[in-house]
Colleague: 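Take this structure, written in structure tokens, and hold onto it; I'll ask about it next.
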Amino acid sequence: HNVNIIDNALEKLKSLRGVSFIYNKNNRESAGVIAEEVQKVLPQAVKSIGNFADKSKNLAVNYSALTSILIESIKELTAKVEKLENK
């Protein structure tokens with residue numbers, strides 16, 4: 001219930017950065033997005049996870065949830081392209 005389309009998805013997506021990085025704990029290389037940036041535009045795609053060893057809290061991105069903003073952004077871009085093509 002309470003299903004809503006993500007408004008202004010393209011503007012929200014433009015505020016995110018795709019980055020590469022190295023994990024502090026194991027020096028493993030990876031790529032993704034910054035959880036704090038995602039939290040500002042799509043908070044439901046971010047969760048807080050605890051580290052029992054040092055009692056710290058970290059944020060984790062649910063990458064599957066980012067699909068929704070990507071889909072709506074593509075639809076917004078498609079509408080802009082179609083409008084330009086019809087001029």
Colleague: Which atom names give the shortest non-hydrogen contact between Gly32 and Tyr63, and what distance separates them?
Modeller: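 Taking Gly32 first and Tyr63 second, the nearest heavy atoms are CA-OH, 3.4 Å.
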Colleague: Are Val61 and Tyr23 linked, directly or through other ILVMFWY residues, by side chains that come within less than 4.5 angstrom of each other?
Modeller: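 As far as the 4.5 Å side-chain criterion goes, Tyr23 and Val61 are not connected within one cluster.
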Colleague: Do Ile69 and Ile71 land in one hydrophobic cluster if side-chain heavy atoms of ILVMFWY residues count as linked below 4.5 Å?
Modeller: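 Cluster IDs for Ile69 and Ile71 differ.
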Colleague: When you look at Lys47 and Leu59, which way does the side chain to side chain contact (heavy atoms under 4.5 Å, CB included) test go after all the steps?
Modeller: CA-CA 6 Å; Lys47 64 181 177 180; Leu59 296 177; over 6 Å; no
Colleague: I want to check something: taking the side chain as every heavy atom from C-beta on, are Leu13 and Leu70 in contact at a cut-off of under 4.5 Å?
Modeller: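 They are in contact (side-chain heavy atoms under 4.5 Å apart), so the answer is yes.
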Colleague: Got more than 12 heavy atoms from elsewhere within 6.0 Å of CD, Glu29?
Modeller: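 Check fails, neighbour count at 12 or below.
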Colleague: For a 4.5 angstrom cut-off between non-hydrogen side-chain atoms, does Lys80 reach Leu10?
Modeller: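 Side-chain contact under 4.5 Å: yes.
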Colleague: For Asn4 and Asn2: C-alpha separation, side-chain torsions, deciding distance, then whether side chain to side chain contact (heavy atoms under 4.5 Å, CB included) applies.
Modeller: CA-CA 6 Å; Asn4 299 294; Asn2 200 20; 3.4 Å; yes
Colleague: Distance-only, no hydrogens or angles: does the Asn27 side chain make a donor-acceptor pair with backbone N or O of Lys25 under 3.5 Å?
Modeller: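 It does not hold such a pair.
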Colleague: If you compare all heavy atoms of Ala9 against all heavy atoms of Glu72, which two are closest, and at what distance to 0.1 Å?
Modeller: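 Smallest heavy-atom distance, with atoms named: CB-CB, 3.5 Å.
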Colleague: Could you check if a side-chain atom of Ile34 sits within less than 4.5 angstrom of a side-chain atom of Arg17, using non-hydrogen atoms only?
Modeller: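 With C-beta onward as the side chain, the pair touches.
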Colleague: Say you draw a straight line from OG of Ser15 to NZ of Lys40; how long is it, rounded to the nearest 0.5 Å?
Modeller: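 The OG atom of Ser15 sits 8.5 Å away from the NZ atom of Lys40.
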Colleague: Which heavy-atom pair separates Leu66 from Ala45 by the least distance, and what is that distance?
Modeller: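 Looking at all heavy atoms of both residues, the shortest contact is CD2-CB, 4.4 Å.
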Colleague: For Ala35 and Val46, which heavy atoms make the closest approach, and how far apart are they?
Modeller: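 The pair with the smallest heavy-atom distance is O-CG2, 3.6 Å.
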Colleague: Can you tell me how far the OG atom of Ser68 sits from the CD atom of Gln44, to the nearest 0.5 Å?
Modeller: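 It is 7.0 Å, given to the nearest 0.5 Å.
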Colleague: Using the salt bridge (charged side-chain N to carboxylate O under 4.0 Å, His left out) criterion, which residues pair with Lys14? Sequence neighbours excluded.
Modeller: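 Salt bridge (charged side-chain N to carboxylate O under 4.0 Å, His left out) list for Lys14, sorted by chain: Glu11.
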Colleague: Do you know the tightest heavy-atom contact between Glu76 and Asp7?
Modeller: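 It is OE2-C, 4.5 Å.
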Colleague: Would you check, one step at a time, whether the test side chain to side chain contact (heavy atoms under 4.5 Å, CB included) holds for Ile6 with Leu42?
Modeller: CA-CA 9 Å; Ile6 297 172; Leu42 197 63; 3.9 Å; yes
